Amino acid sequence: MDEEAIKRQILFGEDSEPKRPANRGQFQKGQSGNPKGRPKKAIADHALFDQPMLSAALSLADSHVPVREGGETHSIPWREAIMRSIFTNAAKGNARSQTLAVHTIMRADAERARKRAEEIAFWRDYQQKTWAQIEAAKRKGLPPPTPLPHPDDIILDVQEGVRFKGPIDEVWQAKLEETIRYRDALIMQDALDQRSDSRLDGEPMRDPGAAGLCAHLLEKSIPPRLRLTDTEWLLRMMKYEGMPKRALMKELYGAWRGLGKDLPRGYVFPERTVMVENMEIIMSKVHEILAAEA
C-alpha cells in the first residue's frame with residue numbers, strides 16, 4: 001500500500017482495496033433468489049394395476065364374507081362387515097371405534113350434502129332454462145316444447161334431494177300418455193254406467209259401477225300439471241250425459257279398442273262393491289306375501 005493510499009484511508013475512511021463492480025445477477029436485499037419456490041416433485045400417475053397392494057385391497061373389499069344374523073347365515077361385502085364391526089364396538093363404548101365412527105359419519109354426511117347441492121343446482125338451472133323456453137314459445141304463439149323431464153315435475157328438496165313427479169324419458173312418457181287415455185275412457189265408462197239399468201246379460205244394476213273409482217285412482221298417479229280440475233271433470237260428465245246413449249256407447253267402444261281392450265259395445269263395469277271387495281282381497285294377499293318375505 002503506498003503513502004497516499006494510507007492517508008486517504010486515515011482521513012476519509014476509504015477502502016484501500018479497489019471495489020469490484022456490482023454483479024447485476026446478484027440477489028438483491030429483501031428479494032428471494034427463487035421467487036417461484038422449490039419445484040414440486042412430479043406425482044407418479046400409476047394405474048391401479050401398477051399398484052398391486054391397492055388392487056388387492058379393493059378386490060378383497062368388494063368380495064363377500066359370511067355373517068350370521070338371527071340364526072341365519074348370509075354374505076355381505078367386506079366393506080359393510082368392517083363398518084358393522086366398527087359401529088358395533090362404538091355402541092359398546094369403545095373410544096377408538098366411536099371416534100372412527102363419528103368421523104366416518106361426518107365425512108359421509110358432508111359428501112352426501114355436497115352431491116345433493118350439486119344436483120339441486122343443476123336441476124334448478126335446468127328448470128329456469130326450460131321455463132324460459134316454454135314462455136318464449138307461448139309469447140310467439142308457437143306450440144310449447146315438451147322437455148323431458150318437464151320443469152313442473154321436478155321437486156327440489158334440500159333434505160331429500162331431487163325428485164321427479166313425471167316422466168324423465170320417452171318410455172315413461174308413453175306410459176303416462178296411456179294412463180291418461182285409460183283415465184279418460186274410465187270417465188266415459190262411468191257416465192255410461194250411471195245411465196244403464198241393467199248389464200248385457202239383463203241382470204239389473206244393484207250398485208253404481210266402479211269405473212269412476214278407478215278413474216280417480218289413476219288420476220292420483222298422473223303429474224299434477226296434467227290432472228283434471230273438479231270443474232273439468234264435471235264438464236266432461238255433463239258432456240257425456242248430454243250425448244245420445246248410442247253415440248256414447250260408440251265413442252266408448254272406440255276408446256277401449258284404441259287401448260287394446262276388446263270390450264263389447266254397451267259393456268258395464270263391475271259394481272263398486274264387488275271391485276272394492278276384490279281390491280281388499282288382492283291387498284290382503286300382497287300383505288301376506290310381504291310378511292312372508294320379511
Side-chain angles (χ1 to χ4, degrees), residues 134 143-155 163-287 289:
I134 293 172
T146 56
L148 291 176
H150 192 281
D152 291 348
D153 296 340
I154 303 174
I155 305 299
R163 293 182 289 111
F164 301 95
K165 297 188 299 182
I168 60 175
D169 55 32
E170 296 293 340
V171 175
W172 192 353
Q173 175 68 22
K175 291 181 179 179
L176 172 61
E177 293 173 357
E178 184 180 52
T179 299
I180 293 175
R181 290 164 61 199
Y182 267 106
R183 177 203 63 188
D184 295 343
L186 286 167
I187 294 175
M188 201 183 312
Q189 180 72 61
D190 185 45
L192 177 62
D193 292 350
Q194 293 185 26
R195 296 172 62 178
S196 301
D197 298 325
S198 60
R199 300 186 175 280
L200 292 179
D201 58 3
E203 183 179 352
M205 292 278 291
R206 298 184 300 271
D207 193 46
L213 175 63
C214 293
H216 280 287
L217 291 175
L218 277 183
E219 182 80 342
K220 295 183 181 299
S221 67
I222 297 173
R225 64 185 174 89
L226 297 175
R227 294 176 186 173
L228 297 175
T229 64
D230 292 342
T231 301
E232 291 172 332
W233 198 292
L234 180 61
L235 288 175
R236 287 203 183 189
M237 293 299 293
M238 292 176 62
K239 170 189 172 183
Y240 297 139
E241 289 173 0
M243 290 177 61
K245 188 175 180 180
R246 189 177 186 85
L248 176 59
M249 292 169 59
K250 181 179 180 180
E251 186 171 340
L252 178 59
Y253 177 76
W256 284 126
R257 287 294 298 270
L259 288 166
K261 305 298 179 183
D262 191 16
L263 300 178
R265 188 170 304 192
Y267 171 80
V268 177
F269 229 63
E271 295 176 357
R272 190 175 303 173
T273 52
V274 175
M275 181 68 72
V276 171
E277 289 175 359
N278 291 335
M279 290 178 64
E280 291 177 349
I281 294 173
I282 293 172
M283 291 306 299
S284 64
K285 294 295 182 182
V286 170
H287 287 307
I289 295 172

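Model, not experiment: these values are computed from the prediction.
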Listing, residues 244-259 side-chain donor-acceptor contacts under 3.5 Å, not counting sequence neighbours, or none:
from: Lys245; atom 1: NZ; to: Arg195; atom 2: O; distance (Å): 3.4
from: Tyr253; atom 1: OH; to: Arg257; atom 2: NH1; distance (Å): 2.7
from: Trp256; atom 1: NE1; to: Gln189; atom 2: OE1; distance (Å): 3.0

TODO: Please check if the side chain of Arg227 supplies one atom and the backbone of Glu219 the other of a donor-acceptor pair under 3.5 Å.
DONE: yes
query = Just wondering, do Arg183 and Ile180 contact through their side chains at under 4.5 Å, heavy atoms?
reply = yes
Value for CD1 (Ile154) from CZ (Phe164), rounded to nearest 0.5 Å, stands at 5.5 Å
task: Given side-chain contact (heavy atoms from CB on, under 4.5 Å), test Trp233 with His216 step by step and report yes or no.
output: CA-CA 10 Å; Trp233 198 292; His216 280 287; 3.6 Å; yes
Give the C-alpha distance, both sets of side-chain angles, the deciding distance and a yes or no for side-chain contact (heavy atoms from CB on, under 4.5 Å) between Ile222 and Leu176. CA-CA 7 Å; Ile222 297 173; Leu176 172 61; 4.2 Å; yes
dist Ile187:CD1 -> Leu192:CG (nearest 0.5 Å) comes out at 14.0 Å
Taken to the nearest 0.5 Å, the spacing of Glu170 CD from Glu177 CD works out to 8.5 Å
query = Within a radius of less than 6.0 Å around CG of Asp230, do more than 12 heavy atoms belonging to other residues, nucleotides or ligands occur?
reply = no
Closest heavy-atom pair, Pro147 versus Pro151, reported as atoms and distance to 0.1 Å, is CG-CD, 3.9 Å
Open item on the list: Less than 4.5 Å apart, side chain to side chain, heavy atoms only: is that true for Asp190 and Cys214?
Closed with: no
For the pair Leu148 and Trp172, evaluate side-chain contact (heavy atoms from CB on, under 4.5 Å) and give the outcome as yes or no after the intermediate values. CA-CA 10 Å; Leu148 291 176; Trp172 192 353; over 6 Å; no
Sub-4.5 Å side-chain heavy-atom contact between Pro167 and Lys175:
no
The reported gap from CZ in Arg225 to NZ in Lys165 (rounded to nearest 0.5 angstrom) is 9.5 Å
More than 12 heavy atoms of other residues, nucleotides or ligands under 6.0 Å from CD of Glu232: yes or no? yes
Rounded to the nearest 0.5 Å, the CG atom of Leu226 sits from the CG atom of Asp153 at a distance of 7.0 Å
